[in-house]
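Structure, as structure tokens:
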Amino acid sequence: MTSMTTVAPGKSSSLSAKGGRRAGRLVIGVLKYVAPLAILALLWQSLSWLGVLNPKTVPSFFSVVAAVVDLVAEGEIFRHLIVTIYRAELGLALGVVLGVGLGLAMARLRSVYHVSYPLVALTYTLPKTALIPIVFLWLGVGDASSVFVVFIGAFVPIVITTFHGAESVQENLVWSARSMGASSQRVLWTVIFPAALPQILNGVRIAQAFSIVIVISAEMVASYVGVGRFIFVFGEAGNYDYMFAAISIVIAAAFVLDRLFLLLKGRLLRWAETEGASR
Amino acid sequence: MSSAMSLVVRRLGGLLPILAVIVIWETVSRLGLVSPVLLPPFTVVMERFVSLTASGEILGALWVTTYRSFLGLIVAAVVGMVVGLAMARFSWARWFFNPIVAVGFPLPTITLLPAFTIWFGTGDQSKIWLVALTCFFPIAVSTFEGARAMNRQLVWSAQSMGSRGPSLFLRVILPASVPFVFSGIRVALPLAVIVTFVAEMVGGGGGLGYLLIYGYRFLQTPTVLAALIAVLVFGVILDQLLLWSRRLLLPWDVGEQTARG
């Protein structure tokens, strides 16, 4: 609100009044949006006050808030959070690069399709967290095993979305590029890949959410560091206010990662949006 | 007829790469290129699979896991549908649930597992409620978006023919929104299953996840891999259950089925 008024100090008073009104409307909108969450928090807190919720198993809202402040001030959680995010994003990146590669190859080359489609389809319905125990046996507990399970969890769905995205590219786009003399390599990278990109990026967004869930799961099953372990230790010790506080911080981190990805997606698809706007 | 034949040929052709993987697996393991502790031969794993099936361990675990994930999914479908429809119909419901769904949809619910174990114990309940919470958000969002975009002409023509209030809701809006509930379930299903397995691995209380982690703790690699084969079967069962219930509830809507096949 203050930034809006300081941006245009020299403008006429009617304009700044209009800006003020708009800022006021924005504030009211935000308040209206947050109100249901505030109502729930208040309900939670009053149930704790009234003693309906057992403070031993359900900490009050205010005690969780206090624990969040404590955890942030102490900073230990960020060390674990960074490990978790590193594992999730590395596995995701590997899965995206190799998954897009295989998906495009499957769409272009029948032989690749015939060999890989049955294997991909078989593992598609496999719940990826079920791989955690066998991967722990193979690679031991730690970074490598978490990254590997995330990689599989991202790789398989991204192969499928890339394949479908590349298959559904309009044939006349491919034909016109070919008729203008583009090689099939060139068609792949300048026509098919960009056309499939929106669908691929939607797949990556879902895969990122899954990656975080998978890493935290693996860390809960067995690990030495990582935020999943951090949460679990609080739970085992019965420090439920700190457990909920750590969970809230993880949720906030997952939210930020999702927003960052949306920003990246917007940048990568700027051309697609301008195309849509001109139409 | 010929199309049925070609389907059979295609299915068999699809088995070849899987067979190749099995043959390579068996050879690598038998030649001792990989330690049998890490990768026992496929035949040994199948032997374990058969003996665990004969003893009833795999079937029991399969039943427990299927029961938990499907029950949680049903709870989420019912509540998610009610909330989604209310959001589409009433502005107060939209006001109230919109921020809650926006916060809850990207929520990694698996982090709540220790809390659910305290509240509901290590048995069925903690898993069922966690699955229900996980699946609620995608189903509510999908129902809301679907019911909002629902063919207005359907509602208008029903209204012009005198349909009002509860009968309009029960006969027109509810049936027309079931397909959207199902597309929400398709998003929720993989999440539900992931959550069930982890809950069983960490919290115990039986099921396929427990069998997997039990094999891991005692370095019983054949048991882990045999359970993993059961997990593959489980994935297929759940997919088929979903298709079957869809066909049962939506005999008039064949769109997605034909699109799949």
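In what follows, every chain begins at residue 1, and chains take the letters A, B, ... in the order their sequences are listed. Hydrogens, waters and symmetry mates are skipped; everything else that's a heavy atom, side chains included, is used.
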Gap between atom [atom2] of [Y] and atom [atom1] of [X] - 0.5 Å precision:
| X | Y | atom1 | atom2 | result |
| --- | --- | --- | --- | --- |
| Ile132(A) | Ile213(B) | CD1 | CD1 | 7.5 Å |
| Asn98(B) | Lys32(A) | CG | NZ | 11.0 Å |
| Leu126(A) | Leu228(B) | CG | CG | 5.5 Å |
| Ile251(A) | Thr111(B) | CD1 | OG1 | 5.0 Å |
| Thr221(B) | Trp138(A) | OG1 | CH2 | 9.5 Å |
| Thr109(B) | Ile247(A) | OG1 | CD1 | 10.5 Å |

Heavy-atom pairs under 4.5 Å with chain B: which of [options] has the most?
| options | answer |
| --- | --- |
| Met243(A), Glu236(A), Lys128(A), His114(A) | Met243(A) |
| Ile134(A), Ile212(A), Ile216(A) | Ile134(A) |
| Thr123(A), Leu37(A), Val34(A) | Leu37(A) |
| Pro133(A), Gly235(A), Ala35(A), Ala209(A) | Pro133(A) |
| Tyr240(A), Tyr117(A), Phe232(A) | Tyr240(A) |

Checking heavy atoms, do the side chain of [X], its backbone, both or neither come under 4.5 Å from chain A?
| X | value |
| --- | --- |
| Leu232(B) | both |
| Leu112(B) | both |
| Trp119(B) | side chain |
| Val21(B) | side chain |

So which part of [X] gets closer than 4.5 Å to some heavy atom of chain B, the side chain, the backbone, both or neither?
| X | value |
| --- | --- |
| Phe210(A) | side chain |
| Phe244(A) | side chain |
| Ile39(A) | side chain |
| Leu137(A) | both |
| Ala254(A) | side chain |
| Met220(A) | both |

Where does the angle between the aromatic ring planes of Tyr216(B) and Phe136(A) fall among parallel (under 30°), tilted (30 to 60°) and perpendicular (over 60°)?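 Tilted.
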
Taking all non-hydrogen atoms of both residues, which atom of [X] and which atom of [Y] are closest, and how far apart?
| X | Y | answer |
| --- | --- | --- |
| Pro99(B) | Tyr33(A) | CG-O, 3.1 Å |
| Val250(A) | Pro108(B) | CG1-CG, 4.3 Å |
| Val115(A) | Pro17(B) | O-CB, 3.2 Å |
| Met201(B) | Thr129(A) | CE-O, 3.1 Å |

Does Pro36(A) reach the side chain of Phe97(B), with side-chain heavy atoms less than 4.5 Å apart?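 Pro36(A) vs Phe97(B): side chains apart.
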
Within-4.5 Å side-chain heavy-atom neighbours: Val103(B) and Phe255(A):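 SC-SC contact between Val103(B) and Phe255(A) ruled out.
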
Not counting sequence neighbours, list each pair that qualifies as a side chain to side chain donor-acceptor pair (under 3.5 Å) and has a residue in residues 189-200 of chain B.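 Sorted pair list: Thr65(B)-Glu200(B), Arg68(B)-Glu200(B).
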
Neighbour count above 12 (heavy atom, 6.0 Å) for [X] [atom1]:
| X | atom1 | value |
| --- | --- | --- |
| Phe42(B) | CZ | yes |
| Phe120(B) | CZ | yes |
| Tyr124(A) | OH | no |
| Tyr67(B) | OH | no |

Under a 4.5 Å heavy-atom cutoff, which of Val233(B), Leu219(B), Val187(B), Leu191(B) has the most pairs with chain A?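 Result: the option with the highest number of such pairs is Leu191(B).
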
As an exercise: rank Ile118(B), Ile18(B), Val224(B) by heavy-atom pairs under 4.5 Å with chain A and give me the winner.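 Sorted descending by pairs with chain A, the first entry is Ile118(B).
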
